[in-house]
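Just so you know, these numbers use all the heavy atoms, side chains as well, and skip hydrogens, waters and symmetry mates. In listed order, ligands and their atoms are each counted from 1. As the structure is a computational prediction, the values presented were derived from the model and not from experiment.
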Amino acid sequence: MKKNVLLLALPTVALLAGVARRPAPPVAYDLVINHVSVVDVASGRLQPDQMVAVAGGKIVRVGPAAQARYQARQTVDGTGRYLLPGLWDMHVHFRGGDSLAAANKKSLTLYLAHGITTVRDCGGDLTPHLFAWRREEAAGTLAGPRLFTSGPKIDGPGATWPGSLEVTTPAQVGRALDSLQRLRVDFVKIYDSKISGEAYLETISQAEKRGMKTTGHMPYSVTLAEAVTRGLDATEHLYYVFKACSGKEDSLTALVRNSLATSKPLGLFAMLPAVYDTYSPAAAQRIFRLMASHHTAAVPTLAIGQTLAELAENDHAHDTLRAYIDPKIQRTYAKRLAGARQQSAASRAFSQKLEAKFRTLVPQMQAAGVTILAGSDSGPFNSFTYPGASLHDELAQLVRAGLTPAQALRAATLNGATFMGVAARSGSIAEGKDADLVLLTANPLADIANTRKIAAVVSRGTVYSHADLGRLLAAIKNK
Ligand SMILES: [Zn+2]
């Protein structure tokens with residue numbers, strides 16, 4: 001025992017001797033946040049009184065608050081504050097055509113001001129613009145979140161969204177994936193307005209062979225289990241998971257398939273009441289276990305579901321954030337708003353019931369080991385789902401559904417980074433990771449609403465104080 005103590009003491013003595021001979025210069029950092037409580041999203045615990053040091057855009061030291069001397073170009077007092085990894089919004093859209101490119105670009109400011117330092121664009125028609133923004137961000141001439149993108153969506157002939165790649169045959173699927181690989185997109189997004197069940201499954205299989213990640217909606221003419229076993233990496237929204245929770249999924253799927261050749265093809269919305277009425281806890285457990293074992297993540301997008309379900313009752317006339325949404329984008333809200341107003345009282349009530357049921361799925365999936373990803377679905381056309389703020393709404397909904405604040409925070413940080421394959425350099429506060437951080441004035445583990453209490457955001461090592469963020473927001477405010 002005594003010997004060990006001596007051995008341990010030796011290096012300290014040597015170090016002290018070295019200091020005595022020639023004082024070592026204090027370590028120089030770009031930024032030090034000292035005496036801060038670090039939110040460890042992996043363990044869900046707080047590490048009080050820490051020092052987080054940043055150099056060259058990376059976190060280079062995380063440890064007990066510094067007592068020794070150090071040099072930093074910038075110091076932030078973290079006393080009484082909480083440091084979160086930068087947030088990830090795993091489902092956003094940039095779209096609406098070239099004439100809306102500048103309006104979409106302004107939303108980058110909204111994301112950053114709300115602590116979102118990475119977004120995943122789930123398909124649109126502004127891919128070249130998005131790549132240009134990415135270059136500006138890398139050059140330091142544009143402040144905004146890191147951008148992952150699927151590029152154009154894959155869909156069937158006569159697709160709903162402009163710019164989609166329309167596929168029917170396996171050869172067309174191959175060409176569509178070739179074009180996405182040439183674009184160097186980060187994953188493949190499949191939509192379900194017109195794509196056939198066969199082309200949908202073919203897209204997953206071919207993408208899997210190429211090592212491309214797939215995510216998406218799903219035609220109701222196939223089952224989620226088929227998509228999961230083919231290699232689907234994430235299912236967006238809960239309509240498709242929900243269908244797989246039906247005890248009569250096979251016969252409902254057959255009904256949809258048989259209707260396709262008739263004059264009245266059945267789609268998702270026609271089938272939802274039957275799916276609801278045949279919900280089976282056993283079927284739910286089966287699909288959740290299958291998703292967990294195949295590492296298929298779920299992106300619940302609960303907040304937009306709630307917003308749309310309440311659209312007929314709420315015209316959002318007094319939302320303060322509308323001042324930051326370009327009028328051209330606000331005009332794209334009209335379509336969903338008109339649709340909502342035409343809804344019958346019965347269908348409105350069903351939407352509410354459905355959203356409540358969706359919330360019950362989330363903690364069950366979490367318990368079964370399914371990765372949950374926080375996504376807002378914000379972007380043009382998605383009425384009153386404001387970029388930035390809507391991710392905080394989603395976090396609140398995830399906790400309302402039954403996740404702990406720590407689980408919700410993981411869904412909006414580490415899980416996103418892991419899904420995109422960059423957890424080694426992002427998603428938590430650790431040495432060697434990107435300096436993308438959010439400084440809060442209150443503890444988000446105690447109350448998830450505290451993620452909104454933002455004192456500062458660090459993006460690529462640059463600090464944006466509350467005042468800096470206010471100036472950026474003022475620059476995009478509608479005149
Ligand atoms: Zn979407």
Side-chain angles (χ1 to χ4, degrees), residues 88-97 100 103-104 107 110-111 116 118-127 130 145 147-156 159-165 180 185-195 200 203 213-220 227 232-242 267-269 296-309 311 325 329 332-333 335-337 339-340 351 354-355 358 372-391 393-394 397-398 411-412 416 419-420:
W88 286 60
D89 189 335
M90 288 299 281
H91 192 131
V92 311
H93 293 283
F94 300 103
R95 62 191 176 195
L100 257 64
N104 273 273
S107 66
L110 281 168
Y111 288 117
I116 292 145
T118 308
V119 298
R120 185 180 68 132
D121 166 53
C122 287
D125 53 2
L126 293 175
T127 309
L130 198 138
L147 303 164
F148 286 96
T149 184
S150 68
K153 293 171 179 177
I154 289 188
D155 201 340
T160 299
W161 292 100
S164 297
L165 303 172
L180 292 177
V185 300
D186 303 295
F187 64 102
V188 178
K189 169 78 182 290
I190 321 174
Y191 197 68
D192 72 321
S193 77
K194 293 285 163 30
I195 196 166
Y200 178 80
T203 303
K213 275 182 213 307
T214 48
T215 180
H217 292 210
M218 184 189 79
Y220 258 34
L232 183 71
D233 293 290
T235 177
E236 307 292 323
H237 323 297
L238 293 179
Y239 297 107
Y240 317 102
V241 172
F242 189 53
L268 184 160
F269 289 101
T296 305
V299 193
T301 65
L302 296 173
I304 188 172
Q306 195 59 36
T307 301
L308 294 179
L311 205 49
I325 306 295
I329 288 181
T332 69
Y333 293 175
K335 200 177 160 198
R336 281 201 208 280
L337 204 52
S351 300
L354 190 63
E355 291 306 319
F358 280 178
I372 307 291
L373 300 170
S376 68
D377 211 359
S378 60
F381 299 94
N382 288 353
S383 318
F384 313 111
T385 297
Y386 305 113
S390 56
L391 184 77
D393 296 338
E394 183 67 14
Q397 290 290 337
L398 290 171
F419 183 86
M420 292 315 308

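In the model, E236 has a side-chain atom that pairs as donor or acceptor with a side-chain atom of T215 under 3.5 Å. Counted by atom type alone, D89 and S376 present one or more donor-acceptor pairs between their side chains at under 3.5 Å.
The Zn ion (ligand 1) lies under 2.8 Å from an N, O or S atom belonging to H93. At a cut-off of 2.8 Å, H91 is counted among the residues with an N, O or S atom near the Zn ion (ligand 1).
Outside the 6.0 Å centre-distance limit, the rings of W88 and F419 are not counted as a close aromatic pair.
Using a 30° and 60° split on the angle between ring planes, H91 and H237 fall in the tilted class, from 30° to 60°.
Nearest N/O/S atom of D377 relative to the Zn ion (ligand 1): this is OD1.
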